Protein chains: 2
Amino acid sequence: MTLNYYWTRYRSVLIYGILLAALLLLLKWLEWRFIIVDYAFEMYAGFIAILFTGLGIWLALKLSKPKTATVYIEKEILIKDNGEFVLNELELNRLGLSKRELEVLQLMAQGLSNQEIAGHLFVSLNTIKTHSSKLFEKMDVQRRTQAVDMAKKLSLIP
Amino acid sequence: MTLNYYWTRYRSVLIYGILLAALLLLLKWLEWRFIIVDYAFEMYAGFIAILFTGLGIWLALKLSKPKTATVYIEKEILIKDNGEFVLNELELNRLGLSKRELEVLQLMAQGLSNQEIAGHLFVSLNTIKTHSSKLFEKMDVQRRTQAVDMAKKLSLIP
DNA sequence: TTCAAAATCACCCTAAAGTATGACCGGAAA
DNA sequence: TTTCCGGTCATACTTTAGGGTGATTTTGAA
C-alpha cells in the first residue's frame, strides 16, 4: 500500500509533525485551562516557528552539500625487500625485546591465543601473560593486534 | 528494555520537541510577566523566526545522514619497493565478505579495538561486534588475530 | 513496488586478554 | 659475593572480545 510506503520513508518527518501538532494542542489546552483570551499570538508564533523551522531545514539541506572528498594518506614505512625476510636487529635492540618475547610475538602474529602459545612453548598461561605484558610495554602498545601490526612494519616478523 | 533503544534512535526529535515546548512556555511566561507583546511584536516575531531557523538547521543537520564523513576508507597505504597492494577479489567473493565487513577487517589489522573501530565508522560497539562475528564465521576463524593473519595471506588487506 | 541482503543496535552471557603485584630461581655481570 | 635480569608462575582483578538471539532500518536489485 502506498500509505505504508510513505510512512516508512518519511517516518521522521511525520513523527516530527505529529509532535508539533501535539504540542500545539497542549498549548491550546493550557489556554483553555487558564482562560487566556488573546490566543492569536500563540497561533501566530507557532505558525512562524513552523515556517522558519522549515526554512531552516531547507536552507541546511540546500546549502550544506559538502561532497566528501576521499582523502588518501600515503605513508611509507619501511622497505621490505622482494627477497626473503630479514630480521631488523636494529629495531629489535632498540626496543630491547628478549628472545622469549620475540618468540611470543611471532606466535601471536600467527593468530594463536595465549593458551595456545603456552602450549607451544611448554610453559603456563600466566607466563605468556607476563611476557605479553612486558612486550606491550616495551613496544608501547595496548593490544596484541597493535603489536603484530607494528612488528610487521618494523620487520621484526615476516 | 527497548525504551533505551528508542531513546537513542529518536533522541534528536525528542530533544527538539522538548526544547520547543520549553521555549514556547518561556515566551508565554515572558508575555505574562512584562507584557511586551503589544509594543515589540515585530521584534518578538523576528526573534522567533531567527531562533527557529537555527533550530531547523540544527535539526536538519542532525537528522540527515552523516554521509559527509563516512567515506575516508583508504588510509595508510604502505608502499614497498616493488609491487603495490592489489585486492584479491576472487578470495573476497569466495568468502562472501561485505563492504562493511572488509572495512572492519582493515581497521582490525591496524590494531584498533572494537570500540575504536566503532568510533572510526560512526556506529555503535554492538554493530562492530556483529560485523566481526559474521566476519569470523565467514573466514572460519575464532580470533581477530587469526582473521588478520589470514587476510594478509589472502591479500585481502595490505 | 517488492523482497532479500546488508547494516544497524540492544541485551545477556562466557571466554580471553590484559593489568598489577609478588614471588622464586639461575646465570651473568659488577 | 652480591646484584641484576630473564624466565617462570600465581592470584586477583578489570577490560575487551566473542557468541547467541532478536529486532528494526536501509538499500539495492529484480
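Just so it is clear, the structure is predicted and the values come from calculations on it, not from any experiment. Within every chain, numbering begins at 1; the chains are lettered A, B, ... in the order of the sequence lines, protein sequences first and strands thereafter.
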Whole-Å distance between [N] [atom2] and [X] [atom1]?
| X | N | atom1 | atom2 | answer |
| --- | --- | --- | --- | --- |
| Ile117(A) | dG7(D) | CD1 | P | 15 Å |
| Asn126(A) | dG22(C) | CG | C1' | 13 Å |
| Leu135(B) | dG18(D) | CG | P | 10 Å |
| Leu112(A) | dA16(C) | CG | P | 14 Å |

When you measure from the side-chain N and O atoms of [X] to the phosphate of [N], is any distance below 4.0 Å, counting only OP1 and OP2?
| X | N | answer |
| --- | --- | --- |
| Ser132(A) | dA17(C) | no |
| Arg143(B) | dA16(C) | no |
| Ser133(A) | dA20(C) | no |
| Ser98(B) | dA7(C) | yes |
| Thr127(B) | dC9(C) | yes |

query: Base, sugar-phosphate, or nothing: which does Thr130(A) touch, judged by heavy atoms less than 4.0 Å apart?
result: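 Base contact.
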- Query: Any salt bridge between Glu137(A) and Lys134(A), counting N to O under 4.0 Å?
  - Reply: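 Answer for the salt bridge query: no.
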> With a 3.5 Å cut-off and no angle check, do the side chains of Thr127(A) and Ser124(A) form a donor-acceptor pair?
Replying inline: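 The answer is yes; a qualifying pair exists.
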- Would you kindly compare Leu125(B) and Lys99(A) by the position of their nearest DNA chain D nucleotide and give the one closer to the 5′ end?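 Result of the comparison: Lys99(A).
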Margin query: Can you identify which nucleotide, out of dG7(D), dA7(C), dC9(D), has its nearest atom closest to the Val123(A) side chain?
Written below: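 The nucleotide sitting nearest to the side chain is dC9(D).
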